[in-house]
A.B. asks: 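Please see the structure below; I have some questions.
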Amino acid sequence: MAKRLLVVESPGKVKKLSQILGSEWIVRASCGHIRELSDEGEDSLGFSMEDGKVQCKYVARDQRSQETIQQLKTTAKQVSEVVLATDPDREGETIAWHLKEVLGLREPKRVVYTEITASAVRNAIANPRKLDLNLVGAGLCRDCLDKLVGYKGSPLVWALNNGAKSVGRVQSATLHLICQREREIQTFVPQDYWSVWVDYVEGFRAFYKGTVNSRPDSPEQEVEVHDDAAGNQTTAPESTRVLSEAEANRLVEEARRHPHQVIQYEGKIVNRQPPPPFITSTLQQAAGSKLKFAPEKTMQLAQKLYEAGLITYMRTDSVMLSPEFCESARQWLEQNDPQNVPTQVARHRSSKTAQQGHEAIRPTDVFKPSAELRIELPTDEFNLYVMIWKRAIASQCRPAQLRKTLVIIQSGEILFSARGQVVEFLGYTRYWPNLSKDTILPALQQGQMLTLENAGHEKKQTQPPPRYSEPKLVQLMERKGIGRPSTYSPTIATLKKRGYIELTKDNLHPTSLGLEVDTFLQKALPDLLETEFTAKMENALDAIADGKQPWQQYLTTWNQNYFAPALVKAKTLVVDTAHKEKTFPERKYDTSRTRCPDCNNFLSKIPSSKLKKKYFLKCTSGCENTVLFWSEFSKAWQPPRTKDDKIAENSQDKIIPSAKLSAYPCPVCKKPLEEYTYTKDGQKKTMLRCSASQSRTDKKHKDVAYFSTAKGWWSPKFGELQG
């Protein structure tokens, strides 16, 4: 009997699908895209545009793709039917079209499934459809659009001669977000303010919230949102900001002078609804914040779980779940957590642009024992699977119930308030804990007089906006409409590869190269960096996918009306910039987070291949001879050693002259500890270390470092320093 050929994208699926389909099927993989636009024609675009038409020339991507095409052609001649089962998204539809073209298939059968299970695959094969040419058009348009911007735009930045490699439609808009935030941080001027508080004998703290006359008519509403990109940090409560110490002192005195009475006390039960199941962006955000995975790693692990038949397809923007899964999740809860079974199935809303034919990311079998998977899967894959399982189950649970209390106290003309929260019923948080810790307020009554224990204020300072972590950047890209689920991860990876951004302490920093490229593009192609402009292009691709706009007409019109004229203007700017650079060469450096001890401006990172740190810090704001080097011993930036320092270091028993001896003995060698002053982040700090110069290189002395705290000297290794 003649066999049938099923062509999929990933070779990782072949074994599982062969087991499901049996001996009458041959399963082969295209290994992703098999063709790409050639490098022929004007500017090596591989396509031409004329009279609203686009003529494309495609070639095999590489030698491996060429071999894959030949093998598929040979196999296709030996079977009775070819079925295309590439991934269920726009990109997968485009790959299926390319397969149709190279294999010469007239009306190929296209099958789509979102999980690799026997029932899903057999059902898909039993219900084939035709290729969706609207989806294909959107995919082809994206390829042409990206190559047009990349190949025509990149030479602009090459002319800067600073190592810049590329411009990209999604890439440059994303880089602009990171650079914008960096500039906000650099220009931020901190402002002092005071938080005023009162403590009561009844056992709680309240914060200043204004005066009787300024009290709002309606109480402020607390808005709770599920933020997958946020860590587990909670911000400390504080008062309405007081902008001068004199005013803070006045409020404290008023609070001490007048009696305190409860004028409002209310408690209510609030339902916190469960979060929706994962989509691509929220999976990347949660894996980044909870498991510390980069978006690229998250998608690689999810791909393996999908190919193993453990989860549904991981590129989706829909939070929809199949009725079959909802029923199986309900059965699991009835058996294992009956109190958490909701009265009706939870409904979650997808975004307007979501493809509703898709499902959210979920486990294929909610009953599969985790003990088995722990043995079968590598640790990272297992942890990601458990997170997906918990989120999917949580989405089908009852809401959490919180008892929230609000108390408002009046003292003279001043108002103080406190909030309490206690979880009454865990609900979905048994599986997806995302609530802040309980804050318990005592039972109070309206009109009750309170006994003041203490009143005071705390000086604080406004903080600059934080840099984006990778999860936060994915969240922002989704919110701004830059790219689509499949592009978030590769876009961030490309920016790192190009040297435009770097990850430092879990936060993304633009490099000096990235900032230079962004500054230039703001002048050369400003529209391309605007999120609204980029999002509008994504919406146009969605319209093409929905059959509302011909793709060739959109591409030619976009190029004629915007891109071609913009390039002409940008090339003029390149000539002017190159001339200016030649006349007034200026070297730009990365900016550190350490401030100059003299002018308080951020110091620049000066590259040096001779240093272990690969750079030293120097003030480029006008201060002469302000240079700092990294000390591995003190883990701080320090000025270069003087001749006297070096002489002292070469003598085994001499003390560094700038240090002051203390009465405390070193816990390792019993020589006296010395008080050592150093500069960190522009501030002078003091520590105790061993005074013997040999301690600088002795491994036993590595952890001899005591830092000043409110309770005295303390060491991470040796604890509190006893007198």
Side-chain angles (χ1 to χ4, degrees), residues 190-225 227 230 232-273 399-425 429 434-463 465 710:
Q191 299 288 325
D192 291 339
Y193 70 94
W194 284 259
S195 176
V196 179
W197 49 266
V198 285
D199 285 340
Y200 295 109
V201 171
E202 285 75 10
F204 70 100
R205 172 171 285 192
F207 293 89
Y208 166 67
K209 287 299 172 188
T211 61
V212 174
N213 295 330
S214 65
R215 185 182 177 188
D217 294 330
S218 56
E220 56 183 295
Q221 296 293 315
E222 287 184 283
V223 179
E224 295 193 71
V225 292
D227 188 352
N232 294 323
Q233 303 148 343
T234 53
T235 54
E238 58 181 37
S239 79
T240 297
R241 290 180 177 180
V242 178
L243 301 181
S244 73
E245 188 172 15
E247 175 64 5
N249 285 330
R250 186 189 74 78
L251 291 169
V252 169
E253 288 305 315
E254 287 282 309
R256 286 174 177 160
R257 194 163 60 243
H258 293 93
H260 292 247
Q261 183 178 28
V262 176
I263 62 168
Q264 184 179 338
Y265 182 80
E266 58 182 49
K268 58 182 177 180
I269 298 294
V270 176
N271 283 347
R272 181 88 192 272
Q273 297 300 325
Q401 287 187 335
L402 312 175
R403 178 163 50 83
K404 294 203 166 195
T405 49
L406 168 67
V407 58
I408 296 178
I409 303 117
Q410 183 174 344
S411 173
E413 294 297 307
I414 303 172
L415 298 177
F416 293 93
S417 75
R419 290 184 180 275
Q421 173 179 297
V422 177
V423 178
E424 294 280 329
F425 176 69
T429 63
N434 62 351
L435 300 176
S436 54
K437 290 181 181 177
D438 284 358
T439 306
I440 302 172
L441 289 181
L444 301 170
Q445 291 181 346
Q446 196 145 329
Q448 180 177 342
M449 302 304 295
L450 301 176
T451 306
L452 183 69
E453 182 178 48
N454 195 9
H457 57 65
E458 181 183 357
K459 184 180 179 182
K460 296 192 173 188
Q461 203 173 56
T462 54
Q463 297 298 310

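Note that this is a predicted model, so its numbers are computed, not measured. Only heavy atoms go into these numbers, but all of them, side chains included; no hydrogens, no water, no symmetry mates.
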A.B. asks: Test of understanding: with side chain to side chain donor-acceptor pair (under 3.5 Å), list the residues that count as partners of Q410, not counting sequence neighbours.
C.D. replies: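 Side chain to side chain donor-acceptor pair (under 3.5 Å) list for Q410, sorted by chain: empty.
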A.B. asks: Might you point out which heavy atoms bring G412 and V212 nearest each other, and give the distance in Å?
C.D. replies: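 Answer, listing the atom of G412 first, then V212: O-CG2, 4.3 Å.
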A.B. asks: Return the OG1 to CD1 distance between T405 and I440, rounded to the nearest 0.5 Å.
C.D. replies: 9.5 Å
A.B. asks: How many angstroms lie between CD in Q191 and CG in L243, if you round to the nearest 0.5 Å?
C.D. replies: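 Answer for the CD-CG pair, Q191 versus L243, is 8.5 Å.
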A.B. asks: Taking only residues two or more places apart in sequence or in another chain, which ones pass salt bridge (Lys or Arg N to Asp or Glu O under 4.0 Å) with E458?
C.D. replies: none
A.B. asks: Can a donor-acceptor pair be found, under 3.5 Å and without considering hydrogens, that links the side chain of E413 to the backbone of S411?
C.D. replies: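 No.
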A.B. asks: So which heavy atom on A255 is nearest to which on V198, and how close?
C.D. replies: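 Result for this residue pair: CB-CG1, 4.0 Å.
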A.B. asks: Using the side-chain hydrogen bond (donor to acceptor under 3.5 Å, both in side chains) definition, which of the options E245, H457, K460, E238 pairs with Y193?
C.D. replies: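 Going through E245, H457, K460, E238 one by one, the side-chain hydrogen bond (donor to acceptor under 3.5 Å, both in side chains) with Y193 is satisfied by E238 alone.
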A.B. asks: Working to the nearest 0.5 Å, report the span between CZ of F425 and CD1 of I269.
C.D. replies: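 It is 12.5 Å, given to the nearest 0.5 Å.
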A.B. asks: Check L441 against A418 and note the closest heavy-atom contact, atom names and distance.
C.D. replies: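 Shortest heavy-atom contact: CD1-O, 3.8 Å.
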A.B. asks: Using side-chain heavy atoms (C-beta onward) and a distance below 4.5 Å, is R241 in contact with T462?
C.D. replies: yes
A.B. asks: Give me the atom names and distance for the closest heavy-atom approach of A400 to T429.
C.D. replies: CB-CG2, 4.0 Å
A.B. asks: Are any of the side-chain heavy atoms of K209 and I408 separated by less than 4.5 Å?
C.D. replies: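 No - every pair of side-chain heavy atoms lies 4.5 Å or more apart.
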A.B. asks: Measuring from atom CD1 of I409 to atom CG of L415, what distance do you get when rounded to the nearest 0.5 angstrom?
C.D. replies: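 One gets 9.5 Å once the value is rounded to the nearest 0.5 Å.
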A.B. asks: Working to the nearest 0.5 Å, report the span between CD of E424 and CG of D438.
C.D. replies: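 Here the interatomic distance stands at 9.0 Å.
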A.B. asks: Can you tell me how far CD of Q421 sits from OG1 of T439, rounded to the nearest 0.5 angstrom?
C.D. replies: 6.5 Å
A.B. asks: I'd like to know if E247 pairs up with R250 as an ion pair, taking the criterion as any Lys NZ or Arg NE/NH1/NH2 lying under 4.0 Å from an Asp or Glu carboxylate oxygen.
C.D. replies: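 Result for this pair is yes, salt bridge flagged.
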A.B. asks: In chain order, what residues pass the side chain to side chain donor-acceptor pair (under 3.5 Å) check against N271, with sequence neighbours excluded?
C.D. replies: none
A.B. asks: Let me have the donor-acceptor pairs involving side chains of residues 444-456, under 3.5 Å, with sequence neighbours excluded, atom names and distances please.
C.D. replies:
{"from": "Q446", "atom 1": "NE2", "to": "I263", "atom 2": "O", "distance (Å)": "3.2"}
{"from": "Q448", "atom 1": "OE1", "to": "Q445", "atom 2": "N", "distance (Å)": "3.0"}

A.B. asks: Tell me every residue that passes ring pair (Phe, Tyr, Trp, His ring centres under 6.0 Å) with Y200, counting only those two or more places apart in sequence or in another chain.
C.D. replies: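 By the ring pair (Phe, Tyr, Trp, His ring centres under 6.0 Å) rule, Y200 matches F204, H260.
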A.B. asks: Closest approach of Y265 and P442, non-hydrogen atoms and distance?
C.D. replies: OH-O, 3.4 Å
A.B. asks: Only counting residues at least two apart or in another chain, list the ones meeting side chain to side chain donor-acceptor pair (under 3.5 Å) with S195.
C.D. replies: none
